[in-house]
Amino acid sequence: MHALFEIPPVQPASSARRPPGSDPDELLRGLNAQQRAAVVHAGSPLLIVAGAGSGKTRVLTHRIAYLLAARDVTPGQIMAITFTNKAAGEMRERVAGLVGPRGRRMWVSTFHSACVRILRAEHEHAGLKSTFSIYDADDSRRLMQLVARELDLDPKRYPARSLAAQVSNLKNELVDESTFTARASGPAERALAEAYSSYQQRLRQAHALDFDDLIMTTVRLLQTFPDVAEHYHRRFRHILVDEYQDTNHAQYVLIKELVGRSPEAPSDLDDVAASAPELLADGAPLGPAELCVVGDADQSIYAFRGATIRNIMEFERDFPDAETILLEQNYRSTQTILNAANRVIERNSERKPKNLWSDSGPGEKIVGYVADNEHDEADWVAKEIDRLVDDEGYKPADVAVFYRTNAQSRVFEDIFIRFGVPYKVVGGVRFYERKEVRDALAYLRAIANPDDVVSVRRILNTPRRGIGERAEACVDALASKENISFGAALERAGEAVGISSRAVKGIGDFTTIMAEVRQMAATEPPEDVLEAVLARSGYLAELEESDDPQDAGRVENLQELVSVAREYTERIQRAAAAGDADEDAGPDPEIEETPSLAGFLEQVALVADADEIPDDDGEQSGVVTMMTLHTAKGLEFPVVFLTGMEDGVFPHMRSMGDKRELEEERRLAYVGITRARQRLYISRAVTRSAWGQPQYNPESRFVPELPSELIDWKRTADAYTSWTRGGVGRGESAQYRGPSSALTNGPKSQALAGKLGLDPKLVGAASEMRQVPSLSPGDRVNHDRHGLGRVVAVQGSGPRAQAQIDFGDQTMWIVLRHAPIQKL
DNA sequence: TTACTACTGTTTTTT
DNA sequence: ACAGTAGTAA
């Protein structure tokens with residue numbers, strides 16, 4: 001990506017408008033008929049229904065390139081919306097690869113980034129303060145906690161987390177607080193209404209917007225100020241939306257506002273607008289912008305955060321003259337994998353039939369494995385990856401391991417480390433979610449925006465400055481009495497009633513440091529500001545002096561954050577330089593010219609993926625990628641392991657009661673299956689320890705939905721049953737199968753369930769017996785009575801295995817079978 | 001009044 | 001095993 005910035009394509013200045021490769025015919029070569037139709041389609045709104053692996057990204061990038069090359073659209077007239085910032089970056093580079101550097105001068109971003117840009121620009125235009133904090137889910141929860149405490153809501157009945165989630169849903173539906181307050185009935189809704197309006201009030205006072213606000217406020221802005229809407233309407237003549245099935249109501253309305261609502265305008269003006277927008281005088285009528293959305297209802301997996309497939313299902317009703325193009329040919333997977341995917345997804349009701357096909361042949365069978373427990377499952381995956389690499393010519397980078405929840409990655413990490421399988425976990429405990437990183441960012445946010453309550457309160461007493469709950473409450477009281485922000489009240493802490501002199505001194509120290517660093521932030525780049533505030537506040541010193549070994553890692557993470565800031569600064573400077581050099585496109589006022597603290601914070605808030613999906617570096621063998629099924633959307637791998645195929649895990653326990661949620665889980669399964677190009681593995685564990693206790697989980701209901709003739713089972717549940725208890729034979733093991741678990745069936749199966757799965761003693765013994773051989777010298781363990789220890793030696797095997805363990809104060813031999821011991 | 005230790009429920013998925 | 005809470009020591 002960076003290389004592209006540094007090495008502009010070689011071309012004579014005169015041909016800059018038509019660089020090699022932007023010949024329209026060239027752009028259409030290698031596309032099938034449907035793809036071509038989608039690329040060249042002009043005029044009416046277009047819905048591209050793209051099955052998994054049907055080359056939808058290609059169609060989108062080629063369409064953009066085609067607009068630029070064949071239809072004389074300028075890059076400034078295009079707004080493309082993608083699901084992640086990473087996808088946006090890739091799309092920009094791909095278009096640039098097709099039409100040259102001017103392809104980078106489009107708005108390609110997520111909904112949230114686009115809204116931030118619009119809001120910032122409009123705030124500046126109106127002469128308002130344009131620095132605002134962006135609150136993520138955790139910040140929102142913290143703010144809601146303040147609100148709930150203020151309103152005296154019972155934290156049991158109304159936990160802040162749930163209030164924040166409900167408010168988020170309301171905002172996604174564009175229900176603002178006054179509307180909701182007016183219609184709220186019953187105590188629960190009234191409490192929510194109160195919380196909602198108080199929360200909004202506090203957000204505004206903090207000059208903060210949460211993720212949902214970004215969309216909602218932009219929609220309101222466009223709806224309330226027709227001249228603003230007109231401005232963007234004139235500017236953006238082409239709106240393209242990727243992953244349309246994952247848009248929520250607010251995003252749908254935003255799209256409508258951007259496209260414009262004047263279909264009655266003469267359509268020939270479109271052509272004028274496209275070729276020479278400056279010829280259109282202000283006030284001349286302008287038709288709607290050209291809209292093109294791409295999506296697949298079968299891959300809608302974000303209903304839990306407000307996405308509605310309604311948007312894609314009803315597209316033709318929302319935009320009456322719309323056309324639809326279906327892409328069914330799959331260029332990614334073998335027919336075996338596609339058949340499996342088709343058979344799973346066809347179980348969903350209310351679905352437009354779609355049949356993926358491929359001409360790449362049947363390929364290998366799907367490989368299945370039933371492990372005794374989650375360690376065995378990981379063990380088998382690791383061995384199989386080894387085999388694929390050694391015997392079948394795959395690289396680790398070709399392989400992906402998917403699971404339903406982030407917590408499941410731990411076992412794989414343990415085993416992969418032991419086996420020496422190189423891996424990378426994408427997502428999970430993300431860099432930006434670590435305490436020290438969030439603290440450091442809170443300092444920066446408090447510097448950029450002193451009114452940001454959540455950030456200020458987060459770091460006010462970190463490190464300890466003798467400012468406790470009591471003192472905070474006094475300042476809060478002062479703030480509401482004087483009707484000023486919490487940050488402003490801190491400056492006048494001395495006036496607070498009932499505050500202790502110790503706290504006043506602590507607050508004085510704090511405000512002095514912040515004022516100093518704030519001054520510095522006006523001129524210095526973010527990385528220097530960050531280093532300064534970490535040093536001045538004593539935050540870094542406290543970590544460095546600590547003897548907790550974890551804190552060394554925290555210091556490293558902070559250094560990492562400093563280099564992220566430095567990279568940001570360098571990137572902005574480089575982009576500014578590249579912009580100057582790129583005369584064809586002219587200066588782009590949208591591109592930020594100078595690195596700023598606000599810009600850095602914005603990037604950090606919106607670009608979640610610091611842990612990037614490893615790029616395929618071709619030559620080197622790379623690493624195995626591990627991620628949740630949700631993160632896997634939009635990616636593809638030659639080899640895919642779908643793990644944890646158990647009812648309760650996947651589909652997740654919480655979604656099994658509800659038909660709609662269950663269908664979403666099924667779509668998630670469909671997404672997982674269709675990520676695989678050549679090989680698909682499915683695995684499950686008969687027992688899995690969750691929250692301390694071993695749990696018996698029946699086979700995922702999605703497994704029997706796969707055609708059994710496509711699966712080659714390397715190990716089945718029979719192996720487990722005959723191994724644990726001789727008495728349980730093959731026939732009865734059929735009780736494992738199927739969605740209706742033994743729990744709900746007749747008395748006979750209840751007894752069986754009790755015997756097999758639900759008796760903790762038996763299952764505990766089974767998993768202990770398996771865990772015994774996996775302890776080896778050097779392993780760290782935790783003993784319920786003796787605490788942390790390290791294995792010195794191991795003796796015996798099976799139920800008689802013993803280990804010599806060093807607990808620091810004493811070293812002892814322990815019979816592992818009965819020991820309350822866990823491997824770390 | 002603040003700070004430290006011990007305990008408890010907790011985790012679905014994410015821009 | 002994590003973070004937020006509750007109880008206690010200073």
Next on the checklist: Just checking Phe402(A) against Phe650(A), ring centres under 6.0 Å apart?
Outcome noted: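 When the ring centroids of Phe402(A) and Phe650(A) are compared, they turn out to be at least 6.0 Å apart.
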Next on the checklist: Do Arg310(A) and Tyr252(A) form a cation-pi contact, if we require the NZ or CZ to be under 6.0 Å from the six-membered ring centre and within 45 degrees of the ring's axis?
Outcome noted: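 Yes, a cation-pi geometry.
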Next on the checklist: Using a 6.0 Å distance limit plus a 45 degree cone around the ring axis, check whether Arg457(A) lies over the aromatic ring of Phe486(A).
Outcome noted: yes
Among the candidates [options], find the nucleotide nearest to the side-chain atoms of [X].
X         : options                   : answer
Asn85(A)  : dT11(B), dT15(B), dT13(B) : dT15(B)
Arg464(A) : dT15(B), dC4(B), dT1(B)   : dC4(B)
Arg410(A) : dT2(B), dT15(B), dA1(C)   : dA1(C)
Phe211(A) : dT11(B), dT15(B), dT12(B) : dT15(B)

Next on the checklist: Suppose we screen for salt bridge (Lys or Arg N to Asp or Glu O under 4.0 Å). Which residues come up paired with Asp136(A), at least two apart in sequence or across chains?
Outcome noted: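 For Asp136(A), the residues satisfying salt bridge (Lys or Arg N to Asp or Glu O under 4.0 Å) (neighbours in sequence not counted) are Arg438(A).
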Hey, what's the ring geometry for [X] with [Y], parallel, tilted or perpendicular (30° and 60° as the breaks)?
X         : Y         : result
Tyr423(A) : Phe416(A) : perpendicular
Tyr403(A) : Phe412(A) : parallel
Phe304(A) : His630(A) : perpendicular

For nucleotides 3-7 of chain C, tabulate all protein N/O to nucleotide N/O atom pairs closer than 3.5 Å, reporting atom names and distance.
residue, atom, partner, partner atom, Å
dG4(C), OP1, Arg141(A), NH2, 3.3

Checklist entry - Start at the 5' end of DNA chain B and walk down; is the nucleotide closest to Glu661(A) or to Glu472(A) reached first? => result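 Its nucleotide being nearer the 5' end, the pick is Glu472(A).
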Next on the checklist: On DNA chain B, compare the nucleotides closest to Thr628(A) and Gly468(A); which residue's is nearer the 5' end?
Outcome noted: Gly468(A)
Determine: side-chain N/O of [X] to OP1/OP2 of [N], distance under 4.0 Å, yes or no.
X         : N       : answer
Arg654(A) : dT12(B) : yes
Arg305(A) : dT12(B) : no
Thr631(A) : dT14(B) : yes
Asn461(A) : dA3(B)  : yes

Item to check | Face-to-face contact His652(A) to dT12(B) six-ring, under 5.5 Å, under 30° | outcome: yes
Next on the checklist: What verdict does the side chain to side chain donor-acceptor pair (under 3.5 Å) test give for Asn348(A) and Tyr670(A), after you've listed the backbone C-alpha separation in whole Å, the side-chain angles of each residue and the deciding distance to 0.1 Å?
Outcome noted: CA-CA 11 Å; Asn348(A) 272 5; Tyr670(A) 175 78; over 6 Å; no
Just to be sure I understand the rule, does [X] reach a base, reach only the sugar-phosphate, or reach nothing, if contact means heavy atoms closer than 4.0 Å?
X         : answer
Phe111(A) : nothing
Ala471(A) : sugar-phosphate
Glu664(A) : nothing

Checklist entry - With a 3.5 Å cut-off and just heavy-atom distances, do the side chain of Arg470(A) and the base of dT1(B) make a donor-acceptor pair? => result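 No, no donor-acceptor pair under 3.5 Å.
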Quickly work out the [X] [atom1] to [N] [atom2] distance and round it to whole Å.
X         : N       : atom1 : atom2 : result
Asn406(A) : dT11(B) : CG    : P     : 14 Å
Asp246(A) : dT15(B) : CG    : C1'   : 11 Å
Asp139(A) : dT15(B) : CG    : P     : 15 Å
Lys633(A) : dT15(B) : NZ    : C1'   : 11 Å
Gln408(A) : dT13(B) : CD    : C1'   : 11 Å
Arg434(A) : dC2(C)  : CZ    : C1'   : 15 Å

Item to check | Lys56(A) vs Asp296(A), salt bridge (charged side-chain N to carboxylate O under 4.0 Å, His left out): CA-CA, chis, key distance, verdict | outcome: CA-CA 10 Å; Lys56(A) 124 195 127 157; Asp296(A) 177 3; over 6 Å; no
Item to check | Test item: side-chain donor near acceptor, Gln603(A) and Arg571(A), under 3.5 Å | outcome: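 Yes - a donor-acceptor pair under 3.5 Å links their side chains.
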Next on the checklist: Dot-bracket for DNA chain C, please. Rules: Watson-Crick or G-U, both distances under 3.5 Å, ( ) within the strand, [ ] when a pair crosses earlier ones, | for another strand, . otherwise.
Outcome noted: .|||||||||
Next on the checklist: Walk me through whether Arg142(A) and Asp138(A) qualify under salt bridge (charged side-chain N to carboxylate O under 4.0 Å, His left out).
Outcome noted: CA-CA 6 Å; Arg142(A) 292 175 106 98; Asp138(A) 189 62; 3.4 Å; yes
